[in-house]
Structures are given as structure tokens and as C-alpha cells.
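Reading through the C-alpha cells given below for one structure.
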Amino acid sequence: MSARSPFYITTAIPYANGAPHIGHAYERIAADAIARFKRLDSFDVLFVTGMDEHGQKMQRTAAREGETPQQLADRTAAQFAAMGAALFAGADDVVRTTQTRHHAAARELWARMAAAGDIYLSKYPGWYSVRDEAFFDENELIEGPGGTRLAPTGAPVEWVEEESYYFKLSAYRDRLLKLYRDSPDFVTPEKYRNEIVAFVERGLTDLSISRSTFDWGIPVPGDARHVMYVWVDALANYITATGFPDPKALRGKFWPASAHVIGKDITRFHAVYWPAFLISAKLALPRQIVVHGFLFNRNEKMSKSVGNVIDPLELARHYGADQLRYFLLREVPFGQDGAYSHEAIVNRINADLANDLGNLAQRSLSMIAANCEGKMPAPSHFSDADLAILDAADALLGKARIAMQSFALHGALADIWHVVGDANRYFAAEQPWVKRKTDFARMETIIYVTAEVLRKIAILSQPFMPIAMAKLLDLLQIAQEHRDFEHIGWKGAPGRPLPTPAPVFPRYVELEETVRIGDLAEAIIVPGVSREAKRAD
RNA sequence: AGCGGAGUAGCUCAGGGGUAGAGCAAAGGUCUCAUAAUCCUUGUGUCGGGGGUUCGAGUCCCCCCUCCGCUACCA
């Protein structure tokens with residue numbers, strides 16, 4: 001028996017400056033689905049997220065809220081933890097940049113880059129506001145009276161040069177280009193790889209990596225006047241999680257990471273700065289930077305009928321966590337931008353989940369309850385139609401692996417749901433409710449085949465909808481140890497007793513009341529799903 | 001401006017020389033095992049515009065139009 005291969009996947013680390021939004025939820029769900037898929041596929045998985053809790057904005061926001069930066073960080077970290085729990089996308093570890101272990105890792109990374117001769121002290125020029133005690137970008141400035149430049153706060157700014165440590169990024173142009181050449185999928189999708197290559201080809205300038213105008217950060221080794229600027233600090237959290245720099249850390253085997261899942265806005269930091277830092281520090285490079293797009297709410301009707309539910313927790317509560325996960329992962333081609341709307345979510349819930357999969361399970365399992373004494377029937381002779389649908393289901397694991405290999409989560413779901421459609425056609429064509437009266441053994445075979453297809457579909461869909469698929473597998477009485485991909489070819493034991501089936505995915509029913517109420521809180525608290533569930537009792 | 005994507009059925013998109021496709025939405029019908037579900041049937045596409053190569057072009061070449069992305073210190 002060979003040891004299971006390690007697979008280390010991360011999300012980006014959100015800035016602890018504000019509450020989670022749907023973009024955070026999307027990234028967490030996607031990374032969680034990939035992690036779950038790999039885990040079910042016998043990989044030794046480490047799934048890590050984190051919090052970026054340093055920086056001037058943290059200090060400012062905390063001051064405005066009348067709390068310390070650490071209190072603000074704690075508060076925000078709790079919100080993200082709640083989000084992870086609500087989405088069933090909790091990570092194995094959350095690396096917070098204020099943690100001691102992270103300070104140790106970041107300082108060691110810095111020390112190694114310095115030892116490599118890649119860090120030097122120079123001046124960082126910029127527009128500085130004395131009143132705000134802050135630097136501002138050229139494009140952040142506003143025009144004041146007489147054409148003078150002002151900070152966004154209206155404070156006057158002056159051109160000053162701040163002492164700063166620099167990283168010799170300019171020296172890494174060719175090594176980075178070689179990386180992109182040797183590992184063409186280091187940055188994926190290709191669109192973002194091309195942008196990065198073009199960017200690096202234009203040439204790189206050195207990178208300012210410390211600040212001395214604020215102190216909420218990790219002190220620079222050997223120069224406590226400076227704290228690390230965001231780049232080294234935040235990116236280092238990925239190696240912190242593996243126990244770096246302890247050479248005997250149990251998680252050491254997880255570095256280099258298999259995949260850093262990030263939003264398209266921070267591609268450069270992960271695809272350019274991060275590998276350059278690692279090369280400098282003589283550490284192994286992550287296997288892939290996986291870039292996803294943004295989500296936009298393209299439909300104002302959403303707020304009309306449901307309330308303005310853009311808080312991911314409210315979305316999960318309203319539609320169901322699994323339903324939200326399915327929608328986001330199925331509707332948006334992973335890597336591209338996507339749109340979400342109430343109509344689109346309801347459509348996916350009702351068409352794909354309730355009508356196609358949920359109803360297929362309910363109608364077939366109901367026949368077992370009604371006609372087979374609640375026990376899984378045994379098949380007799382398999383017809384060509386039986387074998388065709390079983391083959392289609394058996395082919396899914398291979399297809400899903402291929403899709404997931406290129407992070408086409410939507411593609412994996414599309415493949416699976418194609419078989420869901422086939423299974424519905426199969427069931428309708430074979431008419432087990434007619435065979436019940438004419439050929440009972442044939443009916444038993446049809447139901448057995450359908451249940452087998454459902455089992456395979458449920459196993460493969462677990463990464464995307466963990467709770468609902470667990471329910472379905474419970475209905476099929478598949479033991480926990482038989483739910484991973486290794487056992488997808490395992491045939492459930494005929495004759496096993498099954499519980500009375502209950503719908504796995506209720507239909508989403510629009511409530512007239514929600515539209516009329518107009519009060520957001522009321523609309524969210526009385527969602528259609530719970531009413532539908534009550535009605536089903 | 002430079003570089004790079006994209007423009008195909010109402011919507012989202014697939015197809016990269018040989019009689020225009022899928023899913024959803026819409027309309028009609030069937031069945032009754034099932035969650036007012038399933039299943040069957042149905043469509044007008046100037047395939048962004050124009051020109052060219054070819055027996056034949058969403059598919060290759062040229063020009064144009066429109067939209068989008070990237071062109072460094074934003075966490």
C-alpha cells in the first residue's frame with residue numbers, strides 16, 4: 001500500500017477589515033468542493049484558509065470603530081468562521097497573520113530572502129498626508145482648490161520619500177518566464193497565464209516590501225522600525241500552515257501547495273511576487289495558481305422578491321447551503337465571471353435539483369417502499385438499456401476527474417447531470433410502474449438499476465452538495481466507508497432495508513407574501529423552502 | 001494607444017472546412033411510480049458587418065463595428 005498523495009489547497013486570505021461577501025463565499029465553496037473531491041479520491045488533503053489582519057487599514061478601521069486592531073480582527077475572523085460553517089465549507093486550519101506561528105514563518109521567509117541578497121534598503125516615494133499619517137496613490141488623490149492635490153479625506157498631501165526595504169523582483173524576470181514556460185498551467189485558466197506572461201515580459205521593477213509609517217504588522221528581522229508590507233506577510237501564510245520553518249513539522253509534507261485558489265484581482269501577487277519570493281528563499285513553488293472570476297448580481301428583481309440578500313449567510317439560509325453551492329458551482333464556468341439572480345438560483349434549484357435528481361430519487365425509492373417491502377430489490381437479467389445507463393454512470397468518475405483536473409467544476413456537474421437526465425429518460429421508458437403488474441422481476445431490475453445510478457451520482461456529487469448527498473446516501477443505506485470514489489463500483493447489497501424516502505430537494509416555491517411584505521427581515525425569515533417543507537410533512 | 005479575448009436560437013453557451021447544436025425558458029401532448037414532477041413533440045437563427053480563398057466557410061485570410069480584460073505596490 002502506497003501512502004496517499006498529499007494535496008494542499010488554499011483560498012486567498014481575506015482582509016479582516018470587513019464582513020464576508022458573496023465573493024468570499026464563492027471562493028470558499030469552490031476550494032472546499034475541490035478539497036472534498038480530492039479527499040474522496042483518496043488524496044491526503046489539507047485545506048487551509050486564513051485572515052490578513054495587519055496593515056494600516058486595520059488600524060484605521062479599528063480606530064473608527066473604537067476598538068483595537070486585534071479586536072477588529074477577532075470579530076471579523078469570527079464572521080468568516082461562521083460563514084465557513086454555514087456553507088459547510090470549513091477549512092482544516094485558519095492561519096491568521098497575527099498568530100505567533102505566522103510571525104515566525106514570515107520572519108524566516110524574510111530572513112532567507114535577505115540571506116539570498118535580494119533585500120535592500122532604499123526610499124519609497126509617494127504622496128503623504130501628515131494629517132492622515134498615510135501614503136496615497138496618485139489616482140486616489142482628489143483635486144483641491146487651485147489645482148492642488150488632496151488626500152481622499154480632503155487633507156493636504158506632500159511628496160515625500162519613506163525609507164523602505166525593497167525586494168529585487170527585477171532580477172526574477174527570466175526565472176519567472178522560465179517557470180511559466182516549463183509549467184504552462186502554473187497559472188490557470190490560460191487567459192490569466194497569458195496576461196501574467198505579458199506583464200512579466202514587459203520587465204519588472206523592484207518591490208517595496210516594508211513600511212515604517214505604521215506599526216500594525218510583523219517587525220522586519222533586524223530592523224524593528226519597519227513592519228513587513230502586505231506582500232511578504234500575507235503570502236507567507238500559505239507556508240505557515242505547513243509548519244514552516246520547523247523541519248520536523250507534521251504538515252511539512254504538504255509543501256509545496258497543490259493549488260492556491262484566488263480571485264482574478266490578486267493574480268499578479270500570487271503568480272509573480274509569490275514564486276519570486278519562494279525562489280529567493282530557496283523553497284519549492286506551488287503547483288498551480290487557480291484563478292476564478294467575479295460574481296455580479298445582474299438582476300434587481302432579486303431584491304424585490306427576496307430582500308436584498310447579498311450576505312452569503314442569508315443566501316445560504318434562504319436557499320439552502322447545498323442549493324447555493326450547487327448554483328454557484330454549476331452556473332458559473334469556473335474561472336470566468338458570472339452572474340447570480342434570484343430567478344437563476346430558483347431555476348437551478350427546481351429544474352436540476354428538485355425535478356431532475358430529487359424527483360428521480362423519490363419516485364424510484366417510493367416504489368421500493370410500496371412494492372418491495374422497503375428492501376432493495378435484486379436484479380435479474382440486464383437489458384441493453386440497463387447496461388447503457390449503468391455504463392454511463394460508471395464513466396462519470398473518469399469524466400469528473402478530467403474536469404476537476406482542470407478545475408472545471410461546472411463541467412463535472414454538467415457531466416453528472418447529463419446522466420441524471422439519461423436516468424430520467426431510462427426510468428420513463430422502462431415504466432417500472434407498468435412492469436409491476438406484468439413482470440415483477442423486471443420491475444425489480446429497473447428499480448435496482450436506477451438505485452445504482454443514483455448511488456454513483458450521489459457519491460460523485462458529495463463534493464458539491466455534502467449534506468444533501470449524505471441524505472440521499474442515507475436513503476440508499478450506503479455505509480459511510482462505502483461513500484468514497486474507491487467504492488463507486490461497489491454494488492450495494494440487495495435485500496438491505498431502506499428507510500421511508502423523503503424528498504432530498506424541496507421545490508422552491510415563490511411566496512406571494514414575501515413580495516407584499518416588502519420588509520426585508522420578514523421576507524428572509526419566512527422563505528418559501530421552509531413553508532414547502534412544512535407542507536410536505 | 002499597444003497586446004489579448006469575445007460577438008452563434010428569448011437566455012447561458014458548445015461547435016474551428018462538408019446539410020446549424022445542447023441546456024434552460026415558451027407552447028402543445030402523454031403517463032400516473034413521483035416533489036403540479038417525469039417523458040415526447042415544436043422554432044425564426046442574415047452563426048456581429050463587408051470582402052476574399054474554396055466544389056463547399058460559424059469554421060481559413062483581409063478590412064471594419066461593438067463589448068470585455070491586461071498594461072505593477074489596490075488586500
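Quick note: numbers below take in every heavy atom, side chains included, and nothing from hydrogens, waters or symmetry partners. In what follows, every chain begins at residue 1, and chains take the letters A, B, ... in the order their sequences are listed.
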Determine the Euclidean distance between corresponding P atoms of B:C68 and B:G51; express it in Å to zero decimal places. 28 Å
So A:V272, base contact, sugar-phosphate only, or nothing? Heavy-atom distance under 4.0 Å. nothing
Write out all pairs satisfying salt bridge (Lys or Arg N to Asp or Glu O under 4.0 Å) with one or both partners inside residues 196-218 of chain A, taking only residues at least two apart or from two chains. none
Of residues 444-454 of chain A, the positions that come close to RNA chain B - non-hydrogen atoms, cut-off under 4.0 Å: none
Pairing residues for A:W231 by the ring-ring contact (aromatic ring centres under 6.0 Å, His included) criterion, not counting sequence neighbours: A:Y229, A:F269, A:Y273
Once each nucleotide of nucleotides 8-16 of chain B is scored for protein heavy atoms under 4.0 Å, what B/S/- sequence comes out, 5' to 3'? ---------
Is A:D233 touching bases, backbone alone, or none of the nucleic acid, heavy atoms closer than 4.0 Å? nothing
Using the P atom in both, what is the distance from B:A22 to B:A9, to the nearest Å? 14 Å
Take atom C1' in B:G16 and the same atom in B:C31, then report the distance between them in whole Å. 43 Å
Taking side chain to side chain donor-acceptor pair (under 3.5 Å) as the test, write out the residues that go with A:Y165, two or more places apart. A:D223
Dump every N/O contact between nucleotides 28-33 of chain B and the protein below 3.5 Å, one line per pair.
residue: B:C33; atom: OP1; partner: A:R436; partner atom: NH2; Å: 3.4
residue: B:C33; atom: O2'; partner: A:R363; partner atom: O; Å: 3.2
residue: B:C33; atom: O2; partner: A:R363; partner atom: NE; Å: 3.1
residue: B:C33; atom: N3; partner: A:R363; partner atom: NH2; Å: 2.6
residue: B:C33; atom: N4; partner: A:R363; partner atom: NH2; Å: 3.3

For nucleotides 24-26 of chain B, tabulate all protein N/O to nucleotide N/O atom pairs closer than 3.5 Å, reporting atom names and distance.
residue: B:C24; atom: O2'; partner: A:N347; partner atom: ND2; Å: 2.7

Counting any heavy atom closer than 4.0 Å, what does A:A198 reach on the DNA or RNA strands: base, sugar-phosphate only, or nothing? nothing
On the nucleotide B:A75, are OP1 or OP2 found under 4.0 Å from the side-chain N or O atoms that A:Y229 carries? yes
Rounding to the closest angstrom, what is the interatomic distance between B:U66 and B:C39 at atom C1'? 42 Å
Counting only side-chain nitrogens and oxygens, does A:R507 get under 4.0 Å of the OP1 or OP2 atom of B:A37? yes
What contact category does A:W417 fall into here, base, sugar-phosphate, or nothing, at under 4.0 angstrom with non-hydrogen atoms? nothing
For residues 404-416 of chain A, please give each side-chain donor-acceptor pair under 3.5 Å, one per line with the distance, not counting sequence neighbours.
residue: A:S406; atom: OG; partner: A:A403; partner atom: O; Å: 3.2
residue: A:H410; atom: ND1; partner: A:F334; partner atom: N; Å: 3.1

Specify whether A:Y166 and A:Y120 have parallel, tilted or perpendicular ring planes, treating 30° as the upper limit for parallel and 60° as the lower limit for perpendicular. parallel
With a 3.5 Å cut-off and sequence neighbours excluded, list the donor-acceptor pairs that the side chains of residues 438-446 of chain A form with protein atoms.
residue: A:T438; atom: OG1; partner: A:V434; partner atom: O; Å: 3.4
residue: A:D439; atom: OD1; partner: A:R442; partner atom: N; Å: 3.2
residue: A:R442; atom: NH1; partner: A:D386; partner atom: OD2; Å: 2.7
residue: A:R442; atom: NH2; partner: A:S383; partner atom: OG; Å: 3.3
residue: A:R442; atom: NH2; partner: A:D386; partner atom: OD1; Å: 3.0
residue: A:R442; atom: NH2; partner: A:E430; partner atom: OE1; Å: 3.0
residue: A:T445; atom: OG1; partner: A:S380; partner atom: N; Å: 2.9
residue: A:T445; atom: OG1; partner: A:S380; partner atom: OG; Å: 2.9
residue: A:T445; atom: OG1; partner: A:A441; partner atom: O; Å: 3.1

Taking atom P in both B:U30 and B:A57, compute the distance separating them and give it to the nearest angstrom. 44 Å
Using a 4.0 Å heavy-atom cut-off, does A:L204 contact any base of the nucleic acid, only the sugar-phosphate backbone, or nothing at all? base
Quick one: the dot-bracket string of RNA chain B, using Watson-Crick and G-U wobble pairs with both distances under 3.5 Å, [ ] for crossing pairs and | for bases paired to another strand. ((((((((.[[[[.)..(..]]]].((((.........)))).....[[[[[..)....]]]]])))))))....
Side chains of A:H318 and A:Y508: donor-acceptor distance under 3.5 Å anywhere? yes
Set of ring-ring contact (aromatic ring centres under 6.0 Å, His included) partners for A:F167, sequence neighbours left out: A:Y172, A:F277
Rounded to whole angstrom, note down the C1' distance from B:C33 over to B:G43. 32 Å
Expressed as a whole number of Å, how far does the P atom of B:C61 sit from that of B:G5? 12 Å
Check: A:T97/A:H102 side-chain N/O donor and acceptor closer than 3.5 Å: no
For the C1' atoms, the ones on B:G28 and on B:G4, what distance do you get once it is rounded to whole angstrom? 47 Å
Taking only residues two or more places apart in sequence, or in another chain, which ones meet A:F80 in a ring-ring contact (aromatic ring centres under 6.0 Å, His included)? A:H24
Where does the angle between the aromatic ring planes of A:Y238 and A:H270 fall among parallel (under 30°), tilted (30 to 60°) and perpendicular (over 60°)? tilted
In plain terms, say whether A:E331 and A:R348 are close enough for a salt bridge, that is, a side-chain N and a carboxylate O under 4.0 Å apart. yes
